[in-house]
2 protein chains.
Amino acid sequence: MKTKKEVTIYDIAQQLDISTATVSRALQNNPVINKNTRRKIQEAARELGYRQNTFASNLRKQKTNTIGIIVHELNSNFITSVLAGIEKVTADAGYDLLIAHSSESFKKETANVLNLFHKRVDGLIASLAFDTRGLDHFQSFFDKNIPVIFFDRVEEKADNTKVIIDNFKAGYQATKHLIEQGCKRIVIVTASLSRNVYAERLRGYKEALRERQIKFDENLVLIKDLSEKCGREAALQILQMKPRPDAAFITNDFSAAVCMQTLKEKGIRIPQDIAIVGFNNDAICKIIEPQLTTINYPGMDIGEMAARNLIAHLKGDTDIRQTNTIIAKSELIIRQSSLKKGKK
Amino acid sequence: MKTKKEVTIYDIAQQLDISTATVSRALQNNPVINKNTRRKIQEAARELGYRQNTFASNLRKQKTNTIGIIVHELNSNFITSVLAGIEKVTADAGYDLLIAHSSESFKKETANVLNLFHKRVDGLIASLAFDTRGLDHFQSFFDKNIPVIFFDRVEEKADNTKVIIDNFKAGYQATKHLIEQGCKRIVIVTASLSRNVYAERLRGYKEALRERQIKFDENLVLIKDLSEKCGREAALQILQMKPRPDAAFITNDFSAAVCMQTLKEKGIRIPQDIAIVGFNNDAICKIIEPQLTTINYPGMDIGEMAARNLIAHLKGDTDIRQTNTIIAKSELIIRQSSLKKGKK
DNA sequence: AGAAAAAATGCAACTGATTGCATAAAAATA
DNA sequence: TATTTTTATGCAATCAGTTGCATTTTTTCT
């Protein structure tokens with residue numbers, strides 16, 4: 001069965017015996033066209049089953065009305081809420097989204113950036129992959145002055161607009177909380193320190209220790225990849241440490257859950273023997289036992305802020321070149337896994 | 001700072017003093033153009049920083065080389081593996097993906113379908129939202145003969161290509177396993193029976209009961225929405241049933257986990273008092289305690305199959321109108337949560 | 001060398017919508 | 001009624017590639 005031919009503005013123009021210019025303007029609801037004519041044209045369009053050809057339009061307008069999004073993964077509560085936040089804002093402003101995920105691979109991230117560049121997105125919102133170093137692969141965007149906004153995983157030194165939480169403070173709060181529970185030997189499991197979020201969390205951890213005159217012990221810092229395997233490995237390493245640590249701050253809920261479970265299997269009681277704090281406030285926190293103390297990471301807010309900021313740039317309200325760091329509020333959520341001193 | 005003008009094939013043509021036709025063909029690596037000329041053109045393109053204008057290309061070719069994807073949610077292991085599977089296949093074939101998620105809302109799904117239609121995706125891969133009824137909102141695609149392939153959540157009666165697992169068998173296996181563990185009063189928690197997957201799982205459940213001469217009890221069927229809240233509610237309902245059930249088959253891992261946790265809080269031992277089986281084999285299964293028996297849902301395979309099939313349609317190898325149901329293999333994965341009779 | 005076949009390149013129409021500028025029509029003013 | 005002003009519409013170029021067909025160039029064969 002042959003596909004019917006597409007209806008174009010030429011068809012509408014012909015049917016109503018007017019010019020395509022008028023049709024085009026009417027369909028955009030341009031007030032320069034007479035109200036009645038506009039209505040007539042819009043009706044005809046509906047009847048004929050007209051759908052505008054985005055390519056022709058984009059081609060001519062040299063704009064896509066599309067925002068590209070690059071994330072490191074899709075399957076986390078945090079990322080999905082960020083996306084929801086972005087969607088909320090962009091939908092209102094009439095922008096479409098093009099979502100690409102890098103699966104934590106720098107190579108794939110580079111490919112995605114290039115792809116979105118070729119697709120000519122009007123702007124970009126990105127969170128970097130695990131092993132991304134530098135921002136050279138975004139150069140094409142910078143060169144063309146296409147606004148890029150980073151969130152969560154950003155390049156700290158770089159001169160860009162970014163939306164983040166205060167990871168230093170989060171690390172500090174988590175650690176301080178553990179110290180207040182009487183913990184002295186606190187393991188921190190985190191990821192590559194060249195990624196801002198992890199470096200900052202560690203800095204906060206150190207500061208909390210310093211403040212309470214607890215000596216920082218290099219051996220208690222485990223640099224991992226925050227995967228499932230990593231949770232298990234961390235648990236085993238903790239078990240071999242002597243003397244045994246009395247707390248662990250694991251900067252990812254999923255890893256923390258796996259770690260906790262492994263420890264439990266080995267007969268460690270949580271929080272009595274080892275108190276645990278995670279990071280992100282994923283759904284899993286409330287399902288495992290004991291429930292996981294964690295840092296709430298306000299994805300929705302972050303997404304909204306990033307999107308709002310980007311749109312402001314696109315409208316020319318602000319200059320993208322002016323560096324801008326937006327800090328979202330995060331907070332410690334205390335649950336059973338860290339409460340050594342009885343119930344809250 | 002002004003944005004530099006884009007480089008077009010006209011610029012390349014001018015520089016090399018040849019026609020744009022040749023340039024266009026050379027950039028597509030069309031063998032009809034002399035090898036040396038091709039190389040020369042491609043080099044020039046690279047040097048000038050040419051990037052092809054997808055819109056002009058799409059406009060002329062009347063194809064987008066883009067496949068639309070509609071899913072009900074993003075944050076589940078299952079969906080992310082499906083996406084990975086789709087990506088693997090489509091990337092090779094040179095297609096781009098446009099991913100939209102409906103957040104389980106029919107309204108949003110409808111909007112997404114329309115949007116992808118306007119974006120003129122060459123084909124569609126979709127899993128329906130929770131409350132979707134019928135496929136009328138896909139009519140525009142059907143009318144234009146644009147191939148649509150459904151997976152997981154499909155409309156069973158409809159005449160379309162779909163990739164699913166044998167939900168009947170899965171339900172049957174899960175139930176049979178529980179019966180073999182000595183369970184007699186098995187609760188099944190599932191969702192709206194107008195959604196194929198859930199109806200089939202229930203049918204399998206019934207069949208297993210019938211086979212073992214256990215009377216089907218309407219009251220043991222809980223129709224819910226498989227959310228977090230639902231898990232808790234189910235647990236409370238189970239606790240109030242008299243006599244108390246000795247097993248629960250909860251057709252979603254996350255809900256199962258919440259349910260299990262709630263039961264445990266109320267002093268129920270799992271699996272001794274109540275055995276539990278989930279569905280999907282999400283990461284959570286291995287984190288909760290006891291680990292959750294479940295049905296493995298091979299997302300990656302399903303994604304690959306769907307994509308492969310769609311691409312075959314697009315290439316004209318097969319006729320989209322010929323209905324085609326592809327069944328992926330699923331299997332019961334036995335863990336602690338259901339083992340009443342000692343270790344495996 | 002000349003004719004035929006094969007290979008390489010070019011011409012120009014085409015895709016569908018947008019928009020600056022010109023013109024026509026209608027309304028307001030003198 | 002003639003003239004100016006305002007409002008509405010149309011002309012035609014433009015966006016950047018793609019492709020059927022014609023033409024030119026090169027190679028092969030007799």
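Numbered from 1 within each chain, the chains take letters A, B, ... in sequence-line order.
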| said: Between P on C:dA7 and CZ on B:Arg38, what's the gap in Å once rounded to a whole number? | reply: 13 Å

| Side-chain donor or acceptor of A:Asp11 paired with backbone N/O of A:Thr8 under 3.5 Å | yes

| query | For B:Asn30, does its backbone N or O pair with a side-chain atom of B:Arg25 as donor and acceptor, under 3.5 Å? | reply | no

| task | Please state how far atom CD1 in B:Ile41 lies from atom P in D:dG17, giving the value in whole angstrom units. | result | 13 Å

| said: Closest approach to the side chain of A:Ser24, judged atom by atom: which nucleotide of C:dG10, D:dC15, C:dT19 is it? | reply: C:dT19

| request: Answer with yes or no whether B:Arg25 presents, from its side chain, a donor or acceptor under 3.5 Å of a partner atom in the base of C:dG10. | output: yes

| query | For B:Ile12 and D:dA16, what is the distance between atoms CD1 and P respectively, to the nearest whole Å? | reply | 13 Å

| Under 3.5 Å, is there a donor-acceptor pair between the side chain of A:Arg120 and the main chain of A:Thr66? | no

| query | Of the options B:Ile165, B:Asp152, B:Ile326, which is the one that meets B:Ile302 in a side chain to side chain contact (heavy atoms under 4.5 Å, CB included)? | reply | B:Ile165

| Between atom CG in B:Asn53 and atom C1' in C:dT15, what is the gap in whole Å? | 13 Å

| Protein-nucleotide distance (A:Asn65, atom CG; C:dT18, atom C1'), rounded to Å | 14 Å

| Which nucleotide, C:dT19, C:dG16, D:dT18, lies nearest any side-chain atom of A:Lys61? | C:dT19

| field | Option among B:Arg195, B:Lys162, B:Arg133 that satisfies the salt bridge (Lys or Arg N to Asp or Glu O under 4.0 Å) test with B:Glu155 | value | B:Arg195

| Expected output: side-chain B:Arg51 to main-chain A:Phe117 donor-acceptor under 3.5 Å | yes

| query | Could you go step by step and tell me if A:Ser105 and A:Ser103 meet the side-chain hydrogen bond (donor to acceptor under 3.5 Å, both in side chains) rule? | reply | CA-CA 5 Å; A:Ser105 135; A:Ser103 309; over 6 Å; no

For nucleotides 12-14 of chain D, which of its nitrogen or oxygen atoms have a protein nitrogen or oxygen under 3.5 Å away, and what is each distance?
unit_1 : atom_1 : unit_2  : atom_2 : d
D:dT14 : O2     : A:Arg60 : NH1    : 2.8

| message | Surrounding CD of B:Gln139 (heavy atoms of other residues, nucleotides or ligands, distance under 6.0 Å), is the total greater than 12? | response | yes

| said: Rounded to whole Å, please give me the gap between CD in A:Glu6 and P in C:dT15. | reply: 13 Å

| field | Donor-acceptor under 3.5 Å (B:Glu156 side chain, B:Asn196 main chain) | value | no

| message | From C-beta outward on A:Gln28, which listed nucleotide comes closest to its side chain: C:dA8, C:dT19, D:dA16? | response | C:dT19

| message | Using OP1 and OP2 only, check whether a side-chain N or O of A:Ser19 sits under 4.0 Å from D:dG10. | response | yes

| So what is the end-to-end bend of the helix from C:dA1-D:dT30 to C:dA30-D:dT1, with 5 pairs used at each end and the value given to 10 degrees? | 40°

| Between C:dA27 (C1') and A:Asn34 (CG): distance, integer Å | 13 Å

| Is A:Thr37 near enough to D:dT9 that one of its side-chain N or O atoms lies under 4.0 angstrom from OP1 or OP2? | yes

| message | Please tell me if B:Gln62 has a side-chain N or O lying less than 4.0 Å from either OP1 or OP2 of C:dG16. | response | yes

| request: Mind checking A:Ile18 for me? I need base, sugar-phosphate or nothing, with any heavy atom below 4.0 Å counting as a touch. | output: sugar-phosphate

| request: Whole angstrom is fine here: how far is it from NZ in B:Lys40 over to P in C:dT9? | output: 8 Å

| field | Closest-nucleotide 5' rank along DNA chain C - winner of B:Lys35 and B:Ala56 | value | B:Lys35

| Pairs touching residues 40-50 of chain B that satisfy side-chain hydrogen bond (donor to acceptor under 3.5 Å, both in side chains), sequence neighbours left out | B:Asn29-B:Gln42

| query | Closer to the 5' end of DNA chain D via nearest nucleotide, is it B:Leu59 or B:Thr22? | reply | B:Leu59

| For B:Arg51, which contact category applies under a 4.0 Å heavy-atom criterion: base, sugar-phosphate, or nothing? | sugar-phosphate

